[in-house]
2 protein chains.
Amino acid sequence: MGEGADLFKALGDATRRIILDELTERDSQTLFEICGRLTMKHGLASSRQAISQHLAVLEEAGLVHTRRQGRYKFHHLDTSPLRAIVERWPARREEPS
Amino acid sequence: MGEGADLFKALGDATRRIILDELTERDSQTLFEICGRLTMKHGLASSRQAISQHLAVLEEAGLVHTRRQGRYKFHHLDTSPLRAIVERWPARREEPS
DNA sequence: TTCATAGGCAAGTCACCACTTGCATGTCAA
DNA sequence: TTGACATGCAAGTGGTGACTTGCCTATGAA
């Protein structure tokens, strides 16, 4: 019931968080571009299928949107669902001593 | 390296998120108080040990701090680690159409 | 068409994690 | 001290999820 479980599940994996980092640096990438950049710049050697499944989870959470163009599928970052987190548990009024 | 994995792991469980909800409503509760309120108001029948382990995870993530007083241990909410999430993946400049 | 590229689907394996179970520790009251 | 209460610790179990493996579809160029 709008509990947002998909969002927290998506953020729960370290590889998916790095994918979000990569899309923050350079938005609108294809699956193969993301695979290459994760290997090169972030030092992780994940398979194409693994990254594809991660992107599906991120899309379910609303953090990534896709756009098909011929045989390419571009992935776009959407950080707006993250606002629900800080809104669910607001900052306290009084600051600690 | 300050990657914050503990934070996302803590937020990844639905019961722990409800515990944060409960502490948002009423801060500084003991383990037994939290157990009782989760059963009454949120309808989940988790054991004392389960809740205790959840609170330990939340404390590792810095979301909950504890204060001992005699045989009681009070749990305090700290939402400040959540800011790191929205700061890691900032909102885009342009708004979507 | 043929071939290479970009991506999708499904079943199987393995490790982690939530939860239980049982016992132990420590505090306070009678 | 005895007993009840509040919490802690540690081993074992089951289910979920990340990853692999293998095959399939679709687009575009020669």
Side-chain angles (χ1 to χ4, degrees), chain A residues 3-23 26-40 42-61 63-76, chain B residues 3-23 26-40 42-61 63-76:
Chain A
E3 205 260 4
D6 287 345
L7 173 63
F8 295 105
K9 175 190 163 192
L11 292 175
D13 184 83
T15 301
R16 284 196 286 268
R17 295 195 293 271
I18 296 181
I19 291 176
L20 294 180
D21 292 340
E22 177 54 36
L23 286 177
R26 181 187 179 90
D27 201 13
S28 188
Q29 298 190 51
T30 67
L31 173 59
F32 272 65
E33 283 176 318
I34 295 173
C35 285
R37 285 172 169 266
L38 288 187
T39 306
M40 298 300 169
H42 302 271
L44 33 128
S46 296
S47 69
R48 174 185 65 86
Q49 291 83 349
I51 301 296
S52 175
Q53 289 170 5
H54 282 311
L55 286 169
V57 174
L58 290 171
E59 191 170 7
E60 272 185 50
L63 290 167
V64 163
H65 299 193
T66 58
R67 168 175 55 93
R68 261 234 120 95
Q69 190 167 349
R71 55 177 166 175
Y72 300 107
K73 186 178 181 182
F74 296 98
H75 299 263
H76 299 267
Chain B
E3 205 262 4
D6 287 344
L7 173 62
F8 296 104
K9 176 190 164 191
L11 293 175
D13 184 83
T15 301
R16 285 195 286 269
R17 293 195 294 272
I18 296 180
I19 291 177
L20 294 181
D21 291 340
E22 178 53 37
L23 286 176
R26 182 186 179 91
D27 201 13
S28 188
Q29 296 190 52
T30 67
L31 173 58
F32 271 65
E33 283 176 318
I34 295 174
C35 286
R37 285 172 170 266
L38 288 187
T39 305
M40 297 301 168
H42 302 270
L44 33 127
S46 296
S47 70
R48 174 185 66 84
Q49 290 86 347
I51 301 297
S52 176
Q53 289 170 4
H54 283 309
L55 286 170
V57 174
L58 290 171
E59 191 169 10
E60 271 185 49
L63 290 167
V64 163
H65 298 193
T66 58
R67 169 175 55 92
R68 260 237 122 94
Q69 190 168 349
R71 55 178 165 175
Y72 300 106
K73 185 178 183 183
F74 295 97
H75 299 264
H76 299 267

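Note: hydrogens, waters and symmetry copies are ignored here, and every other heavy atom, side chains too, is used. The chains referred to below are lettered A, B, ... by the order of the sequence lines, with proteins before strands, and numbering in each begins at 1.
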How many whole angstroms separate atom CZ of A/R48 from atom P of C/dC9? 11 Å

Determine the minimum heavy-atom distance between B/L7 and B/A61, stating which atoms define it. CA-CB, 3.8 Å

What's the CD1-C1' distance between B/I51 and D/dG8, to the nearest Å? 15 Å

Quick one: do B/T30 and B/F74 satisfy side chain to side chain contact (heavy atoms under 4.5 Å, CB included)? Show the steps, please. CA-CA 5 Å; B/T30 67; B/F74 295 97; 3.7 Å; yes

Between P of D/dA26 and CG of A/L31, the distance in whole Å: 18 Å

How many Å lie between CZ on B/F32 and P on C/dT27, as a whole number? 16 Å

Just N and O in the side chain of A/S52: are any of them under 4.0 Å from OP1 or OP2 of C/dG8? yes

Taking D/dA6, C/dG8, C/dA18 as options, the one with an atom nearest any side-chain atom of B/D13 is C/dA18

Contact residues, residues 64-76 of chain A to DNA chain D [heavy atom, < 4.0 Å]: A/G70, A/R71

How about A/R48 and A/L31: do any of their side-chain heavy atoms sit closer than 4.5 Å? yes

Rounded to whole Å, please give me the gap between NZ in B/K9 and C1' in D/dT16. 15 Å

So, taking the atom named CG in A/L44 and the one named OG1 in A/T15, what distance separates them when rounded to the nearest 0.5 Å? 5.5 Å

Once rounded to the nearest 0.5 Å, what's the spacing between atom CZ of A/R16 and atom CD1 of A/I51? 10.5 Å

C/dT20 phosphate, OP1 or OP2, under 4.0 Å from B/S47 side-chain N/O: yes

Closest to the A/Q53 side chain: D/dG8, C/dC19, D/dT20? D/dT20

Shortest non-hydrogen separation from A/H75 to A/L23 and the atoms involved: O-CD2, 3.7 Å

Nearest-angstrom distance from the residue atom CD1 of B/I18 to P of C/dA18: 14 Å

Please determine whether a side-chain nitrogen or oxygen atom of A/T30 lies at a distance below 4.0 Å from atom OP1 or OP2 of C/dA6. no

Could you tell me the separation between the CD atom of A/Q29 and the C1' atom of C/dG7, rounded to a whole number of Å? 16 Å

According to a strict under-4.0 Å criterion, is B/H54 in side-chain N/O contact with OP1 or OP2 of C/dC17? no

To the nearest angstrom, the CG-P distance between B/L11 and C/dA18 comes to 12 Å

If you check every side-chain atom of B/R16, which of D/dA6, C/dA18, C/dC19 has the closest atom? C/dA18

Is there, by distance only and without an angle test, a donor paired with an acceptor across the side chain of B/Q49 and the base of D/dT7 below 3.5 Å? no

